[in-house]
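Accompanying notes for the structure given below.
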Number of protein chains: 4
Amino acid sequence: MTTNNQIGSLIDRIEGLMLDKALIEEGIKEIYIEAKLNGFDTKTMKKVVAIRKQGVKKHQEERQMIDLYIKDLGMLADTPLGQSAIQRDTGVKF
Amino acid sequence: MTTNNQIGSLIDRIEGLMLDKALIEEGIKEIYIEAKLNGFDTKTMKKVVAIRKQGVKKHQEERQMIDLYIKDLGMLADTPLGQSAIQRDTGVKF
Amino acid sequence: MTTNNQIGSLIDRIEGLMLDKALIEEGIKEIYIEAKLNGFDTKTMKKVVAIRKQGVKKHQEERQMIDLYIKDLGMLADTPLGQSAIQRDTGVKF
Amino acid sequence: MTTNNQIGSLIDRIEGLMLDKALIEEGIKEIYIEAKLNGFDTKTMKKVVAIRKQGVKKHQEERQMIDLYIKDLGMLADTPLGQSAIQRDTGVKF
DNA sequence: GGTTTATCAGTTCCTC
DNA sequence: GAGGAACTGATAAACC
């Protein structure tokens with residue numbers, strides 16, 4: 001393919017960068033493989049990375065919001081520990 | 001389009017169901033609009049719905065895993081208060 | 001869970017609709033299974049459904065745009081048929 | 001954060017690569033901006049890039065499959081002119 | 001191998 | 001209306 005035309009040049013540059021990107025993604029993948037071999041849970045690791053990217057503080061705020069809504073829903077009744085907690089508070093058995 | 005052919009019949013059926021699906025999605029969207037008008041945070045609501053779908057218990061286990069990893073990273077220094085408030089309310093350690 | 005609170009009521013309604021939606025998605029999936037059993041290619045079917053949703057005419061316009069860009073790139077050289085076409089036009093052998 | 005622990009080291013490495021990746025993505029985005037300023041349609045460009053990644057030949061086979069199904073649906077009535085222009089240029093039937 | 005899961009790209013929506 | 005964020009749908013992969 002020639003690069004005489006502008007569109008060709010643009011797409012060439014894009015594809016070059018996409019190749020670089022693919023190599024980096026490969027590297028990341030390999031680290032996760034290494035982590036798994038060392039007994040770490042990669043799913044959790046990925047969540048941790050995402051949380052750090054977002055900002056730990058912001059994440060904590062989100063959690064509090066979620067917990068607030070869950071509390072309003074009385075959803076703790078869905079969980080064994082939650083049941084006992086409610087029971088302790090209210091004296092009502094579910 | 002005719003429905004004499006088999007492929008036409010199949011696609012007709014699919015498109016019918018997809019229409020039904022779109023109507024339901026519309027309904028869901030309207031509820032979120034109503035919720036927002038009533039001062040609720042729809043992003044948090046969506047997370048709560050997802051958590052309930054996954055199972056609250058499972059979600060709490062995930063949180064514990066994440067917090068464990070974060071603790072190992074020394075990241076707790078970033079979150080002085082952490083989840084103590086929720087813990088106090090529910091007796092559940094997140 | 002009670003529905004005394006507003007948030008609970010909203011989420012109840014959302015979850016009801018999500019259940020309906022899931023049932024419909026199940027139905028769609030079954031049709032694709034049936035189609036596959038009858039020898040149809042479900043991947044192609046999904047694309048056809050998407051094209052019809054978008055509008056066949058609009059899709060044709062998109063194709064023309066794509067082909068125009070591809071033509072400017074001289075990408076036909078990448079394909080056997082394309083080579084002969086270029087060869088016919090230019091008299092140059094690749 | 002310390003890197004004394006293994007998990008910390010792994011996550012450090014991941015985050016380093018993710019930073020590199022983000023920079024590259026930034027670069028790609030800038031090229032698309034430049035392309036748009038020069039009058040190109042970036043949506044079409046992205047599709048072209050995807051097609052080249054997949055392989056032009058494979059893409060043309062997909063198109064043929066789709067057109068076959070569409071023909072069986074009688075949908076060609078919707079597209080009087082069809083792909084005749086492209087066909088004339090390339091000798092490739094889509 | 002086949003099903004479920006996870007990552008990815010594409011679309012859409014909302015905000016500014 | 002442009003930009004970014006969120007959600008959906010599709011492909012690829014991993015586990016059973």
Side-chain angles (χ1 to χ4, degrees), chain A residues 14-15 17-18 21-22 24-33 35-37 41-47 49-50 53-55 58 62, chain B residues 14-15 17-18 21-33 35-37 41-50 53-55 58 62, chain C residues 14 17-18 21-22 24-26 28-33 36-37 41-55 58-59 62 66, chain D residues 14 17-18 21-22 24-26 28-30 32-37 41-55 58-59 62 65-66:
Chain A
I14 289 167
E15 288 178 343
L17 289 178
M18 284 178 70
K21 186 180 158 191
I24 290 173
E25 285 169 345
E26 185 63 23
I28 292 172
K29 210 161 283 183
E30 280 167 15
I31 296 177
Y32 279 116
I33 290 172
K36 178 177 276 185
L37 291 175
D41 180 67
T42 56
K43 185 180 168 187
T44 301
M45 281 179 68
K46 285 176 187 180
K47 294 217 170 183
V49 169
K53 189 176 177 185
Q54 176 195 29
K58 206 165 187 174
E62 272 191 20
Chain B
I14 289 166
E15 289 179 343
L17 289 178
M18 283 179 71
K21 187 181 157 192
L23 293 175
I24 290 173
E25 285 168 346
E26 184 64 22
I28 292 173
K29 207 161 288 183
E30 280 167 14
I31 296 177
Y32 278 116
I33 290 172
K36 177 177 278 186
L37 289 176
D41 180 69
T42 55
K43 186 180 169 187
T44 301
M45 280 178 70
K46 284 177 187 180
K47 293 216 172 184
V48 169
V49 169
K53 190 177 178 184
Q54 176 195 30
K58 207 166 188 173
E62 272 191 20
Chain C
I14 290 167
L17 289 178
M18 284 179 70
K21 186 180 158 190
I24 290 173
E25 284 169 346
E26 184 64 23
I28 292 173
K29 205 163 286 182
E30 280 166 15
I31 296 177
Y32 278 116
I33 290 173
K36 177 178 276 185
L37 290 175
D41 180 67
T42 56
K43 185 180 168 186
T44 301
M45 281 178 69
K46 284 179 186 180
K47 295 217 170 184
V48 169
V49 169
I51 287 167
R52 286 167 61 93
K53 190 177 177 184
Q54 176 194 28
K58 206 165 187 175
H59 174 69
E62 271 191 21
I66 290 169
Chain D
I14 290 167
L17 289 177
M18 283 179 71
K21 187 180 159 191
I24 290 173
E25 285 168 346
E26 185 63 22
I28 293 172
K29 204 163 289 182
E30 281 167 15
Y32 278 116
I33 289 172
E34 180 186 339
K36 176 177 279 187
L37 290 176
D41 180 67
T42 56
K43 185 180 170 187
T44 301
M45 281 178 69
K46 284 179 186 178
K47 293 218 172 184
V48 169
V49 169
I51 287 167
R52 285 168 62 93
K53 190 177 177 185
Q54 176 195 29
K58 207 165 189 175
H59 173 67
E62 272 191 20
M65 284 283 287
I66 290 168

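Every heavy atom of this structure was used, including side-chain atoms; hydrogens, water molecules and symmetry mates were not. Residue numbering restarts at 1 for every chain, and letters A, B, ... go by the order of the sequence lines.
Regarding B/Lys47, its NZ atom lies at a distance of 11 Å from the C1' atom of F/dA6, rounded to whole Å. Atom CE in C/Met45 sits about 18 Å away from atom C1' in F/dT11, given to the nearest Å. The CD1-C1' distance, from A/Ile24 to E/dT7, rounds to 17 Å in whole Å. Counting to the nearest Å, the P atom of E/dC14 and the CD atom of B/Glu30 are 12 Å from each other. One can place CD1 of A/Ile14 at 14 Å from P of E/dA9, the figure rounded to the nearest angstrom. Between D/Tyr32 atom OH and F/dG4 atom P there is a gap of 16 Å when expressed in whole angstrom units. Atoms CD (C/Gln54) and P (E/dT11) sit 8 Å apart, rounded to a whole Å. Atom CD1 of A/Ile33 is separated from atom P of E/dT7 by 12 Å (rounded to the nearest Å).
C/Val48 is listed as a side-chain neighbour of C/Arg52, based on a closest heavy-atom distance under 4.5 Å. Contact annotation: the side chain of B/Lys21 never approaches that of B/Leu17 to less than 4.5 Å [non-hydrogen atoms, C-beta and beyond]. The side-chain heavy atoms of C/Lys47 and D/Glu62, taken from C-beta on, include a pair separated by under 4.5 Å.
The CG atom of B/Leu23 lies 9.5 Å from the CD atom of B/Glu25; values are rounded to the nearest 0.5 Å. Atom CD1 of D/Ile66 is separated from atom CE of C/Met45 by 13.0 Å, given to the nearest 0.5 angstrom.
At its two ends the helix from E/dG1-F/dC16 to E/dC16-F/dG1 runs along axes set 10° apart, each axis drawn from five pairs and the angle rounded to 10°.
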Can C/Glu26 and C/Glu30 be said to form a side chain to side chain contact (heavy atoms under 4.5 Å, CB included), step by step?
CA-CA 6 Å; C/Glu26 184 64 23; C/Glu30 280 166 15; 3.7 Å; yes

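Residue C/Tyr32 comes nearest to C/Thr42 through the heavy atom pair O-CG2, 3.4 Å, listed as atom of the first residue, atom of the second, then distance.
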Every protein N/O within reach of nucleotides 1-6 of chain E N/O, cut-off under 3.5 Å:
none

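Contacts of B/Lys36 with the nucleic acid, taken as non-hydrogen atoms under 4.0 Å apart, involve only primed sugar atoms and P, OP1 or OP2. B/Lys21 comes within 4.0 angstrom of sugar-phosphate atoms only, judged by non-hydrogen atoms across all strands, and of no base. Across all strands, A/Lys29 comes closer than 4.0 Å to no nucleic acid atom at all (heavy-atom distances).
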